[in-house]
Amino acid sequence: QSQLVESGGGLVQPGGSLRLTCAASGFTLENYVIGWFRQAPGKEREGVSCISKRGYNIYDADSVEGRFTISRDNAKNTVYLQMNSLKPEDTATYYCAADAGLVTAHTMCRTKSGQHWGQGTQVTVSS
């Protein structure tokens with residue numbers, strides 16, 4: 001069974017950091033463009049950061065550029081999202097997704113595409 005599992009979410013104070021992990025099982029992540037998305041209550045899901053199959057191309061949303069860093073370790077079949085300088089507006093459920101199509105990181109984040117999606121991990125930024 002193919003699945004993605006996110007972990008690493010939690011409660012953090014403004015200015016703090018978290019690292020999210022997306023682990024795949026049942027399929028090989030190196031054949032997929034990977035993205036992190038988030039959805040806050042009452043808001044649409046948005047693309048946060050996406051990375052190409054070999055990691056050479058990355059797209060970050062304006063709202064997180066300079067604060068969040070996506071990376072992948074294809075040998076471990078895992079993708080990470082390092083989140084620094086967190087703000088209350090970063091509070092959301094974070095999902096990872098994998099797209100096997102001929103999409104760029106930019107396109108994946110903007111169209112929110114993906115054949116596989118995780119169940120999400122909650123990130124709450126609050127004092």
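Hydrogens, waters and symmetry mates play no part in the numbers below; they use all other heavy atoms, side chains included.
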Check residues 11-19 and write down every donor-acceptor pair under 3.5 Å in which the side-chain atom is one partner and the other belongs to a residue at least two apart or another chain.
from  : atom 1 : to    : atom 2 : distance (Å)
Ser17 : OG     : Asn84 : OD1    : 2.9

**Prompt:** Mind checking what makes side chain to side chain contact (heavy atoms under 4.5 Å, CB included) contact with Ser7, not counting sequence neighbours?
**Reply:** Thr21
**Item:** Summary of ring-ring contact (aromatic ring centres under 6.0 Å, His included) pairs that have at least one residue in residues 75-100, sequence neighbours excluded
**Value:**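 Not a single pair qualifies under ring-ring contact (aromatic ring centres under 6.0 Å, His included).
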**Fill in**
Contacts satisfying ring-ring contact (aromatic ring centres under 6.0 Å, His included) that involve residues 104-127 (not counting sequence neighbours) are Phe27-His116, Tyr32-His116, Phe37-Trp117, Tyr59-His106
State the [atom1]-[atom2] distance between [X] and [Y], to the nearest 0.5 angstrom.
| X | Y | atom1 | atom2 | value |
| --- | --- | --- | --- | --- |
| Leu4 | Leu29 | CG | CG | 6.0 Å |
| Leu20 | Ile70 | CG | CD1 | 10.5 Å |
| Ser49 | Met83 | OG | CE | 11.0 Å |
| Ile34 | Leu81 | CD1 | CG | 12.5 Å |

**Request:** For residues 96-125, pull every pair meeting salt bridge (charged side-chain N to carboxylate O under 4.0 Å, His left out), keeping only residues two or more places apart or in separate chains.
**Result:**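 Applying salt bridge (charged side-chain N to carboxylate O under 4.0 Å, His left out) to every pair that reaches into residues 96-125, excluding sequence neighbours, yields nothing.
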**Fill in**
Applied to residues 64-77, the salt bridge (charged side-chain N to carboxylate O under 4.0 Å, His left out) test, sequence neighbours excluded, yields Arg67-Asp90
**Prompt:** Step by step, would you call Thr93 with Gln39 a side-chain hydrogen bond (donor to acceptor under 3.5 Å, both in side chains)?
**Reply:** CA-CA 5 Å; Thr93 301; Gln39 188 165 19; over 6 Å; no
Any donor-acceptor pair under 3.5 Å linking the side chain of [X] with the backbone of [Y]?
| X | Y | result |
| --- | --- | --- |
| Gln1 | Gly26 | no |
| Thr91 | Thr124 | no |
| Glu6 | Gly120 | yes |

**Request:** Answer yes or no: is there a side-chain heavy-atom contact under 4.5 Å between Ile51 and Asn57?
**Result:** no
**Asked** Who passes side chain to side chain donor-acceptor pair (under 3.5 Å) against Thr69, sequence neighbours left out?
**Response**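 Not a single residue meets the side chain to side chain donor-acceptor pair (under 3.5 Å) criterion with Thr69.
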**Message:** List the residues meeting side chain to side chain donor-acceptor pair (under 3.5 Å) with Thr104, not counting sequence neighbours, and say none if there are none.
**Reply:**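 Once residues adjacent in sequence are excluded, the partners of Thr104 under the side chain to side chain donor-acceptor pair (under 3.5 Å) criterion are Thr107.
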**Message:** I need the full list of disulfide (SG to SG under 2.5 Å) pairs touching residues 75-106, with sequence neighbours left out, sorted by first then second residue.
**Reply:**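 Pairs touching residues 75-106 that pass the test: Cys22-Cys96.
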**Message:** Taking disulfide (SG to SG under 2.5 Å) as the cut-off, I'd like each qualifying pair that reaches into residues 32-63, sequence neighbours left out, listed once.
**Reply:**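 Of all non-adjacent pairs touching residues 32-63, those that pass disulfide (SG to SG under 2.5 Å) are Cys50-Cys109.
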**Request:** Check salt bridge (charged side-chain N to carboxylate O under 4.0 Å, His left out) between Asp60 and all other residues, then give those that pass, not counting sequence neighbours.
**Result:** none
**Asked** With sequence neighbours left out, what residues match Glu46 under salt bridge (charged side-chain N to carboxylate O under 4.0 Å, His left out)?
**Response** Arg38
**Prompt:** Counting only heavy atoms not in Glu89, do more than 12 sit closer than 6.0 Å to its CD atom?
**Reply:**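 More than 12 within 6.0 Å, yes.
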**Request:** Give the minimum heavy-atom separation between Ser113 and Ala97, together with the two atoms involved.
**Result:** O-CB, 4.2 Å
